[in-house]
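A quick write-up on the structure given underneath.
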2 protein chains.
Amino acid sequence: MGKAGTKGVSRADRERQIVDVAVEEFGRHGYAGVSVTAVARRAGISKPLVYSYFDAKDGLYLACVQRVGALLVDAVAGARARSGSTGHALDTLSALFTAVEQCPYAWSVLYDPAPPWAGAAGEAVRQYRERLAEMGAAGAARLLDRAGHADPLDHQLLNEIWQYTVTAVMRWWAEHPEQSAAAMAERCARLLTALGGG
Amino acid sequence: MGKAGTKGVSRADRERQIVDVAVEEFGRHGYAGVSVTAVARRAGISKPLVYSYFDAKDGLYLACVQRVGALLVDAVAGARARSGSTGHALDTLSALFTAVEQCPYAWSVLYDPAPPWAGAAGEAVRQYRERLAEMGAAGAARLLDRAGHADPLDHQLLNEIWQYTVTAVMRWWAEHPEQSAAAMAERCARLLTALGGG
DNA sequence: GGCAGGTAATTTACCCATCAGTCAATTCGG
DNA sequence: CCGAATTGACTGATGGGTAAATTACCTGCC
């Protein structure tokens, strides 16, 4: 490896590139399973550069959370805007698929089951999850109200189930990258109708 | 914190006790997020004792996987035996609830999203998940065949979704310990019928 | 019933790799 | 020539793992 000295890569580009590999690492191994050294190595740079740009492991994770959080929130918001309040779960899923087609581990980063709850990154995780949950809650509420169930805990649990369902689909997709976003949407449509739900 | 010397606790008892806390730790923080030192501290003993009994972190995890694996496989097998091949998902869920009522993190240990795939523990994880998936696959196959879908990948994905759904319910339950197993079963029955599936 | 001695339980103190994080120096681009 | 990009080399802490010593229990024997 060459010595010190700039290589002509702008900070913005380098940050993007680092976050690229960090998102994959965090998505694959979870926060605790990732070492900053490994991220730097896979990005082809040295560890101090990561710290110079992101300040701490938590800061690096924060950057990842913000990227994928924005991506996912925009996708879901867009889907809801397009299909109005009658939008079904499939529209949301479909929008998510096209949004994360180039970033298969986006969802897994935000839904790491054991993220660092303390610190700025944890706060961001809470906020993004909250926003996504709110948007998904409308659909859940429609389903439950239609069936006459009003228990707020039911709503909570149904939301959780929905989030983990998406996690399942996303992780399966990450291991079957040959599937296109459209194919995934079709497949999920098949499964959903087979389950008898609308 | 006395010095060295036995405290009159048999190896079997001590192992049980260590696995008790290890299951909770692994379930809460995931394999990578757990330190053997922390397990030992929470168990009120010293780290070398853990190594003397379980040989390595992987060995400790293996012991946890075997305990919860047996618990879960027995529960599901029992449910299937009782309700025959017409058993629905709810019977399985209900059996799982009563089985893990005293061990809320059992499922999360076996379904750690980033377990150490290399080594004996990883092998055990694969095997137990396989057995549970086989037993669950019957139900999934029935659903999909009824709808005329034969794609084996659909079966795979539906299985994955089922497992993550259970994960969601189990983790939600772990954070709402005041709910009884029966209450959880009822709640899931409500949700399932609200979703329109049988 | 008391005592020698093997065995099982348990700890203190240590080793080495890795990890998060820092400093000072170096090199290039504008 | 200044500022930004970049690194090798370092530190303190922690993690997995080990060696050796200490204490208690148990068994057979007188």
Side-chain angles (χ1 to χ4, degrees), chain A residues 1-22 25-26 28-64 114-122, chain B residues 1-22 25-26 28-64 114-122:
Chain A
M1 283 302 183
K3 319 210 163 175
T6 181
K7 293 171 183 165
V9 181
S10 78
R11 171 166 186 160
D13 283 356
R14 201 57 105 181
E15 284 187 352
R16 248 188 305 275
Q17 174 194 347
I18 295 173
V19 171
D20 281 348
V21 357
E25 289 285 292
F26 283 127
R28 283 172 98 88
H29 312 302
Y31 181 84
V34 170
S35 88
V36 178
T37 310
V39 171
R41 187 168 37 226
R42 279 203 41 192
I45 57 171
S46 70
K47 184 174 58 158
L49 190 56
V50 178
Y51 278 94
S52 145
Y53 286 165
F54 298 97
D55 205 66
K57 186 183 181 184
D58 193 82
L60 178 58
Y61 183 58
L62 173 61
C64 295
W117 288 119
Chain B
M1 306 285 182
K3 317 212 160 175
T6 182
K7 293 171 184 166
V9 182
S10 78
R11 171 166 188 162
D13 283 355
R14 201 57 105 180
E15 283 186 353
R16 247 189 306 275
Q17 173 194 349
I18 295 173
V19 171
D20 281 347
V21 358
E25 289 286 291
F26 283 127
R28 282 171 99 87
H29 312 302
Y31 181 84
V34 170
S35 87
V36 178
T37 311
V39 171
R41 189 168 34 228
R42 279 203 41 191
I45 56 171
S46 71
K47 183 173 59 157
L49 190 56
V50 178
Y51 279 94
S52 145
Y53 286 165
F54 298 99
D55 206 67
K57 187 183 180 183
D58 193 83
L60 178 58
Y61 184 56
L62 173 60
C64 295
W117 289 119

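Since the model is a prediction, treat every value here as computed from it, not as a measurement. Protein chains get the first letters and strands the later ones, always in sequence-line order, with residue 1 at the start of each.
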Point to revise | Candidate nucleotides D:dA19, D:dG16, D:dG8, ranked by approach to the side chain of A:P48 - the nearest | key: D:dG8
Review point. To the nearest angstrom, how far is A:I45 atom CD1 from C:dT27 atom C1'?
Key: 17 Å
Practice item. Let me know the distance between CZ of B:R11 and C1' of D:dA24, rounded to the nearest Å. Key: 18 Å
Exercise for review: Specify the separation, in whole Å, of atom OH of B:Y51 and atom C1' of C:dC15.
Suggested key: 13 Å
Check your understanding: Would you say a side-chain N or O of B:K3 is under 4.0 Å from OP1 or OP2 of D:dA21?
Key -> no
Check your understanding: Choosing from C:dA20, C:dT27, C:dA9, which nucleotide comes nearest the side chain of A:T6?
Key -> C:dT27
Check your understanding: Taking for each residue the nucleotide of DNA chain D with the nearest heavy atom, is it B:Y31 or A:V50 whose nucleotide lies nearer the 5' end?
Key -> A:V50
Exercise for review: To the nearest 0.5 angstrom, please state how far the CZ atom of A:R14 sits from the CD1 atom of A:I18.
Suggested key: 7.0 Å
Revision key, fill the gap. Per nearest nucleotide of DNA chain C, the residue lying toward the 5' end, B:K47 or A:G5, is B:K47
Review point. Is the shortest side-chain N/O distance from B:K7 to OP1 or OP2 of C:dA8 below 4.0 Å?
Key: no
Review point. Does D:dG16 have OP1 or OP2 sitting under 4.0 Å from an N or O in the side chain of B:K57?
Key: yes
Review point. Think B:Y53 has a side-chain N or O under 4.0 angstrom from the OP1 or OP2 of C:dA8?
Key: no
Check your understanding: If you check every side-chain atom of B:A4, which of D:dG17, C:dT10, D:dT6 has the closest atom?
Key -> C:dT10
Check your understanding: Of all heavy-atom pairs between B:A43 and B:Q17, which one has the smallest distance, and what is that distance?
Key -> O-NE2, 3.0 Å
Exercise for review: Return the value, rounded to whole Å, for the distance between atom CD of B:Q17 and atom P of C:dA9.
Suggested key: 13 Å
Between side-chain atoms of residues 45-62 of chain B and protein atoms elsewhere (two or more places apart, or another chain), which donor-acceptor pairs fall under 3.5 Å?
from	atom 1	to	atom 2	distance (Å)
B:K57	NZ	B:Y31	O	3.1
B:K57	NZ	B:V34	O	2.8
B:D58	OD2	B:A121	N	3.2
B:Y61	OH	B:V109	O	3.0

Exercise for review: Measure the distance from CG on A:D58 to P on C:dA20 and round it to the nearest whole Å.
Suggested key: 12 Å
Point to revise | Nearest-Å distance for atom pair CZ/P, residues A:R41 and D:dT7 | key: 14 Å
Exercise for review: Could you tell me whether the phosphate oxygens of D:dT6, OP1 or OP2, come under 4.0 Å of any side-chain nitrogen or oxygen in A:R14?
Suggested key: yes
Exercise for review: Please determine if a side-chain N or O atom of A:S35 lies less than 4.0 Å away from the OP1 or OP2 oxygen of C:dC19.
Suggested key: yes
Practice item. State the CZ-CG distance between A:R42 and A:D20, to the nearest 0.5 angstrom. Key: 10.0 Å
Study note, to complete from the structure: For A:V9 and A:D13, the nearest pair of non-hydrogen atoms, with its separation, is CG1-CB, 3.9 Å
Review point. Please give, in whole Å, the distance from C:dC28 C1' to A:L49 CG?
Key: 14 Å
**Study point:** Euclidean distance, atom OH of residue B:Y61 to atom P of D:dG16 [Å, nearest integer]
**Key:** 15 Å
**Study point:** Most 5' of B:G8 and B:A56 on DNA chain D, judged by nearest nucleotide
**Key:** B:A56
